[in-house]
Amino acid sequence: MERAALVRCLPCSSVLCRRYLRRSHACFSIPSSSLRPSLPRRRSSRLFPSSSSSPLYFRNRRHFSSLSPRPVLSSSPSPGFLEVKDEIARQLGFEKLSEEFLPECKSKAVLFRHIKTGAQVMSVSNDDDNKVFGIVFRTPPKDSTGIPHILEHSVLCGSRKYPLKEPFVELLKGSLNTFLNAFTYPDRTCYPVASTNTKDFYNLVDVYLDAVFFPRCIEDFQIFQQEGWHFELNDPSEEITYKGVVFNEMKGVYSQPDNILGRAAQQALFPDTTYGVDSGGDPRVIPNLTFEEFKEFHRKYYHPSNSRIWFYGDDDPNERLRVLSEYLDLFDSSVAPDESRVEPQRLFSKPVRIVETYPAGEGGDLKKKHMICLNWLLSEKPLDLETELRLGFLNHLLLGTPASPLRKILLESRLGDAIVGGGVEDELLQPQFSIGMKGVSADDICKVEELVISTLKKLADEGFDTDAIEASMNTIEFSLRENNTGSFPRGLSLMLQSIGKWIYDLNPFEPLKYEKPLQDLKSRIAKEGSKSVFSPLIEKFILSNPHQVTVEMQPDPEKATREEATEKQILQKVKASMTTEDLAELTRATHELRLKQETPDPPEALKTVPSLSLQDIPKEPIRVPTEVGDIDGVKVLQHDLFTNDVLYTEIVFNMSSLKQELLPLVPLFCQSLLEMGTKDLTFVQLNQLIGRKTGGISVYPFTSSVRGKEDPCSHMIVRGKAMAGRIEDLYDLVNSVLQDVQFTDQQRFKQFVSQSKARMENRLRGSGHGIAAVRMDAKLNAAGWMSEKMTGLSYLEFLRTLEERVDQDWADLSSSLEEIRKSVFSKQGCLINVTADGNNLANTGKVVSKFVDMLPTGSPIATTTWNVRLPLTNEAIVVPTQVNYVGKAANIYDTGYQLNGSAYVISKYISNTWLWDRVRVSGGAYGGFCDFDTHSGVFSFLSYRDPNLLKTLDVYDGTGDFLRELQIDDDTLTKAIIGTIGDVDAYQLPDAKGYSSMLRYILGITEEERQRRREEILSTSLKDFKHFMDAMEAIKDKGVVVAVASPEDIEAANKSRPDFFQVKKAL
Ligand SMILES: [Zn+2]
């Protein structure tokens, strides 16, 4: 059930996606890092696209794929993909504008124009079975009422052909989709879907097309109220409150300092254009939005003439046009494209400085919590592609790795805790560059500014060293060729790249081609030297560019309370202005809306959503070829998969002999391995070497419960990848990292501590549900306890004490790091996993054997018994926020429940119906879901950006009753089963397949068991749902609660249920 976590508990799928989250809101997926100890927990290594981390993680990250190369003239003939004949296209109402074969992605791409409306269609054909469709509208807003964002939510709430509350949710429940979401950008709205099953794919396409062109929300005021905003009044004697899914989502966004900073910078850089307002919606402005404006926006912009449509994959391109013509032919041409054009911002003649505040907690030294960010708008006109490519490289050189000079010098200055600003951003009409720091003392603000400028000057004068250039070049090239998009469909990644130009009426093919511009750039560097390639860029676009905005952010401990109070005042005024009849009417409307939200769709409406039948579902799980061998006493797993000449490896060490008190040092230990340097190499040299010879190395801990065992499994995993010709380099470098790195650099270690602290504080605000989840786990099992020590609130507390210790007890700390190395890296208990093509696998034996020989044979595994837990008390973690994260959990194995595959179906069903309806739709939270860790038995409920606290707990407690009263017809049950299979069979690229297979091996999950679980899933019946009731009742009675919440809400909760929460202050 790996993917249940992807859809609902819900990381917004991947790195790539996250990149777009910096500026876009992906609305139906909610990030959950570390919700499930059972998931492959790929840590946010800079070189591995990760599939589970929070959107914020992406803020400072650029993906190389956004480099936009310049046009290539040559076009080789396409291999035998199906083609659309011109006359067929004509018959269907389309004309072919251009076509190209794209060797970079082995695809034939054809650009069509729908003659009647002018809609443009990019039809990309290749042999990728992970098919992708997307429709994108240009939707520039004029104010910060959040129209584009609210519309993006609302069009998925029922349409002409699919007249039910949320067809989107029905698709989540019952399709095999590999991607289903929607994003709002500052100037466009995207609706992408993906599936590997052709029938399923076209079902998804049809639901999405009907949704965008014929949504019910433009007639149904209640949808606008539910997704946007409305006044809620349950009883005339109570206070009026604001409710609305987007309203609360944005309140969460506006509680996060990094987000406030990013928005302030964007708005100040583009004061005269659409980017000067917030397309997501400012919670203070959202209530100004009227239904009339909302409808008008849809009428104007959700029109074929204003759309760009993308198809990608191995399906028949004729079918694509046929499906589209059914919709597009219903429209005439419109003037929308003229009205939606995005106008450029004129460049300033002198710099601007602004000061903003952000809500801070009262704890800690506020003087040290300032943020400072320098931003430049690089150009008035879109840049030529060659310049964009050079800027992308420059960005990687400046900031791409810990060894990159701008990043390194800023962090080493100790003027702040961590970097803010994402470097070069080029996904809007005009590119920008941003860099700064947070955790800065008020007195040091100017010093940070000066340091940024002087460093850039120095780099412009002196240039970069050759090794750095080579390392960046190899890293970027590797990443382009590997094209590893994690769990994000490749076709979607390409679509988002192409749209980045296409949306501005530029050539949509160009961003998909990198080969020639890359070679040109390489030869230019070789010929002219890197300095003449990069220095003029720094000079022109940054140092002598007057369009600069400096944003200073000051902590304001009263801001959150003040904003709450202002909102209350407004609402009190609203109430005071209402007559008794008005209040009675509002109460009636509130109840009517709730009743509508809580009334299930009639079966005939549900039947309109197309679904597969159980016959369409393979009876057997996806098997990953795995050969288990042994090299000199070390287990070696090999997976023969087509990886396009890349070799992926994991080296897994047992952590069970580690002393408990060393656990919180493990994440910093891992960072030290990669960022401290060896006897012979400085950390910069080591990093450059890794960049030059490999596709990256990362090290991180992994813990999980093991079913039926008391002791948890705990490992340290080293991941690496390289082109097949570099296998030996890769293992040599891993060996250096493990054995030669010196833990002697006190100052660098201190930086790691500050950075980690800043990251954890950010997580607490932005992903409080992850913090709550791991905290509950820590109360329920030893694996959770370990994980909490390394990723949870305990870890943050540890980091806070550690800063001083680095100064006072460095010798001691350094020897603790050495001790971790001694107790973990040993031949005993080591396992090596390799994923590559057969030929390359055959060549690894010798290299691996040499590597194994060099491993220390020391300490045999002295298994410590990890019988530790946090006390089983309800906890409230106080954070300055306007929205809460509420969790409740228990171990249902302890209550007698025995694992059956049906549990996957049932927990997904509970998430998608009961919790979605009550916590999100009527509760107004951005998300609510449950998660079942089948290894530990912990079943947890969680909510995300939730305006409620105790009320949400009541919903969780009502789950048993929900199941008791549940009636479920065959169609619904089939859908639930298919949706679950969709999760279990989640699409994976080869490296992920090899990795998952390794985790199953470690956790003792056999192929027989997978087959049995699948059969249990496929034969789930109503009886299983009823049987699950007892487990839910047990959570209600015995479950433990952890909430990350605002001080006001916690106080109110403890008032109404005395001593319910033990209160813990965190920020
Ligand atoms: Zn949203």
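Predicted model only: the values in this text are computed from it and were never measured. Ligands are counted one by one from 1 in listed order, and the atoms in each one are counted from 1 as well. When a residue number appears, it is its place in the shown sequence, counting from 1.
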Please state whether the rings of F231 and W229 are parallel, tilted or perpendicular, taking 30° and 60° as the class boundaries.
-> perpendicular
Presence of salt bridge, R299 and E296, under 4.0 angstrom = yes
Rounded to 10°, the OE1/E249 to the Zn ion (ligand 1) to NE2/H153 angle comes out at 100°
Mind checking whether the Zn ion (ligand 1) has an N, O or S of E152 under 2.8 Å?
-> no
Minimum-distance N/O/S atom that H149 presents toward the Zn ion (ligand 1) | NE2
Among L953, L915, V919, find the residue that satisfies the side chain to side chain contact (heavy atoms under 4.5 Å, CB included) test when tested with S943.
-> V919
Answer yes when K596 and D220 have at least one side-chain N-carboxylate O distance shorter than 4.0 Å, and no when they do not.
-> yes
